[in-house]
> 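I'd like to ask some things about the structure below.
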Amino acid sequence: MTDLSQNASPTDGSQARLKRIRAGLGKRHAREKRFRLYGIVAIAAALTFVAILFAMILSKGLPAFQQATLTVPVTFSQELIDLEPRPVRESGQSAADFRAADLRWQRDVTLVNWNRVVEDAVRSLAPGSEISSRDLQSLIDSAERFKLRDAFVANPNLLGQTVDMQLLASANADNWLKGNINRDLPDSQQQLSAPARALADELYADGNIRMAFAWHIFTNTDSRSAPASAGLAGAFMGSLYMMMVVIVLAVPIGVASAIYLEEFAPKNRLTDIIEVNINNLAAVPSIVFGLLGAAVFINYFRLPLSAPIVGGLVLTLMTLPTIIIATRSSLRAVPPSLRQAALGLGASKTQTVFHHVLPVTYPGILTATIIGVAQALGETAPLLLIGMNAFVASVPGSPFDQSTALPVQIYLWQGNENRNFFEARTSAAIIVLLALMISLNAIAIFLRSRLERRR
Amino acid sequence: MTNIAKSENTDMNMSSGPFVDVANTPKQQRAPKARVTAQNVNVFYGQKQALFDVCVDVPDRSVIAFIGPSGCGKSTFLRCLNRMNDTIEGCRVEGDIKLDGQDVYDPKIDVVELRARVGMVFQKPNPFPKSIFENVAYGPKIHGLATNKTELEEIVVTSLRKASLFEEVKDRLHEPGTGLSGGQQQRLCIARAIAVSPEVILMDEPCSALDPIATAKIEELIDELRANYTIAIVTHSMQQAARVSQRTAFFHLGLLVEEGPTETIFTAPNDKRTQDYVTGRFG
């Protein structure tokens, strides 16, 4: 008898067998427990590192989104702004003449000593102070004078009036107020002079300087002369244009080649070689793609240097293998019964693929695309070789304009000599890049779950 | 001697050359008018030969069952009839297979047209991951059988009725076909196949994944379909072959051992191997 149940009286033979099984059981369970423990330890370690990384980036980067901003009454005094009123088009005046007159007026506006206007405005907050104009100006970001000019051009009626305006404090003042600089350092090692530091503290204590959300990070381009006003807009648009090029080129080409290779191509030596090469391409270091881009797109095809179109093309080449490989594997995962069902009904090969096989693989293709695009979005090395690490102080209007990209901007800021200020900026840029990637992934997950639910 | 085939007398064009020699079938016992004729069919998978000189006729408007132990080549043979073997890498088919006298392996034959004429139902129910309606409508749509929406709806309803599924699904035609039970899914696949109005329907073990009640329903359905369609069915169940088919072919190790009226095969087979198989001594 070989009854395994315990209730029935087992014979001696089966008793011995049970004993043996039980003796081994302890070991087996112990092994399982140990393996689970390893897994938990590994995951805990990984999570710890991720937490440390995020904590560091957030603690450094979040303060950069708040910047010291001075609220001052700005007087557009007649004395400093000694100008004719803005020309009005007279009857009989030709359009060209009016335009020339208007441009002349605008040039005159630019030639106004706006630094002085800024200086007077700040001085009005510290009456009686003996502070030098140089020290006063060192508190305000040097690009803020253009803000006054632009406000005046937009509304010439401001002449003679006094209005409250928000001016960005300079990077040095911002650092000082945030406590990023050791206050015990001697004067010789401080960026700001002693009177300037004292005035900054005073203004901060009075509430004239407040920490305000730095919207300009998203609207301004990079700046070297006025670091406090440096922003990401140019790099962001550059990255966006590159993503567009990658999505427009890599997705259709990649998916089409994957479908052809997997479903239609004859299996022979040639397709084997192609397959091996695609797999190898996925493993080529990205900087090599940068060299290829410099040699082919810029040197041979004479495409513009530092342009997102070239960056996009290089990243497309880099992303193609990822998309092809992932799409092929999701095509391979489609059960053959589905293909047979369609073929058995008399659907042609193409109908089978496009009506039945492909719709099932949409979620897989989507995931592949997002992984590829996210990888391309974070890529820096190849962009350095095609000149996208240039200092560009304008927002690109098209993929053919000069531009940088988000990861390259991070690299540039990290290497900036104004360390104290740009360390925070670097982390802020990293936060923006990560937020962009997380939202890309979130969109992918959302789309995938919707596609999967529809089936 | 049985008389299943007696109404079809011998002067009809029985075409189709000799029957299998081993079966040594007397003339009176031959099949009625053949729809599909296969002569000396050899199939190779790469180097391996899977079928040896198979000769079978599939008679019009009746059911022929292919039985035999696993790996005997019966499914392979079935898949030759609508060239589904084309999709298998390294598969090579030799010999003559004719549908209404037309060679199906003629390079001039369009496979798409052939498969519209010779439909197929597979072992595992494989509805498309789409709605019940779309499942049935797909075939008529790609072949352009319906000129407008009303016609298409009519085809779908008729096909579902013929597959005796309509009553069960009429309220949820637009829900996914994959949500049906296994037996319903298989009937949906049959409805999908007959929506194209094929002349011949091939069924590859259509009940092997189903419970006895669903099986009984499908068998009943096959019996009804016989009036309008020519059916070839591969089955592992000898009872099923006995219940649904008029003629039976027994395959063994790639050979067609014996083919004849079902009653003869099950009660008085000529070959020892057939005898052993149908009485359950091997296989």
Side-chain angles (χ1 to χ4, degrees), chain A residues 255 258-276 327-367 447-455, chain B residues 75 78-79 81-90 110-131 134-145 175-179 185-186 188-198 201-204 209:
Chain A
V255 172
I259 292 173
Y260 182 77
L261 282 174
E262 194 59 40
E263 302 283 340
F264 295 98
K267 303 272 174 286
N268 57 28
R269 230 200 152 91
L270 184 69
T271 47
D272 277 353
I273 291 173
I274 292 174
E275 187 169 344
V276 168
T327 304
R328 285 188 74 177
S329 70
S330 66
L331 282 172
R332 228 171 287 154
V334 174
S337 66
L338 187 61
R339 290 191 181 87
Q340 285 186 345
L343 289 175
L345 269 182
S348 68
K349 189 96 201 189
T350 318
Q351 283 172 329
T352 305
V353 170
F354 285 93
H355 295 172
H356 300 291
V357 178
L358 211 51
V360 181
T361 56
Y362 280 154
I365 293 175
L366 198 76
T367 314
L447 284 178
R448 191 174 56 188
S449 67
R450 268 196 58 168
L451 283 174
E452 271 169 356
R453 215 178 313 135
R454 244 203 308 177
R455 277 196 281 143
Chain B
S75 286
L78 191 77
R79 295 162 60 90
L81 302 182
N82 68 344
R83 291 181 58 177
M84 280 302 275
N85 281 337
D86 288 12
T87 58
I88 296 170
E89 196 115 340
D110 191 334
V111 200
V112 167
E113 188 199 309
L114 172 71
R115 290 185 190 144
R117 293 174 65 191
V118 183
M120 189 155 189
V121 176
F122 296 86
Q123 183 170 4
K124 229 182 84 197
N126 55 354
F128 298 130
K130 300 182 178 198
S131 76
E134 280 175 275
N135 259 287
V136 184
Y138 182 71
K141 251 192 220 161
I142 55 169
H143 294 302
L145 297 181
E175 280 169 39
T178 40
Q185 284 189 16
Q186 195 61 298
L188 178 61
C189 292
I190 293 175
R192 186 175 66 186
I194 56 187
V196 187
S197 308
I201 301 176
L202 310 176
M203 298 186 175
D204 191 354

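To find a chain, count down the sequence lines: A is the first, B the second, and so on, and within it residues start at 1.
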> Can you say whether B:V111 sits under 4.5 Å from chain A via the side chain, the backbone, both, or neither, judging by heavy atoms?
neither

> Do you know which of A:R339, A:K267, A:H355 has the most heavy-atom pairs under 4.5 Å to chain B?
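That would be A:H355.
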
> Identify the heavy atoms of B:G139 and B:V196 that sit nearest to each other, and give their distance.
CA-CG2, 3.8 Å

> Quick one: are the ring centres of A:H356 and B:Y138 less than 6.0 Å apart?
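That pair passes the under 6.0 Å test.
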
> Is it the backbone or the side chain of B:E113 that comes under 4.5 Å from a heavy atom of chain A, or both, or neither?
neither

> Side chain, backbone, both or neither: which part of B:V112 has an atom under 4.5 Å from a heavy atom of chain A?
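Both parts, backbone and side chain.
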
> I'd like to know if the side chain of B:R115 and the backbone of A:S348 have a donor-acceptor N/O pair within less than 3.5 Å.
no

> Looking only at heavy atoms, what is the nearest atom pair of B:A193 and B:V121, with distance?
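Between these two residues, the closest heavy atoms are CB-CG2, 4.1 Å.
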
> Knowing that exactly one of B:L202, B:D86, B:T87 qualifies, which makes a side-chain contact (heavy atoms from CB on, under 4.5 Å) with B:R79?
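The side-chain contact (heavy atoms from CB on, under 4.5 Å) with B:R79 is passed solely by B:T87 among B:L202, B:D86, B:T87.
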
> For B:F122, is it the side chain, the backbone, both, or neither that has a heavy atom closer than 4.5 Å to a heavy atom of chain A?
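The side chain, not the backbone.
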
> Using a cut-off of under 4.5 Å on heavy-atom pairs, state which of B:M84, B:E89, B:K124, B:R117 scores highest against chain A.
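Of the options given, most contacts go to B:M84.
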
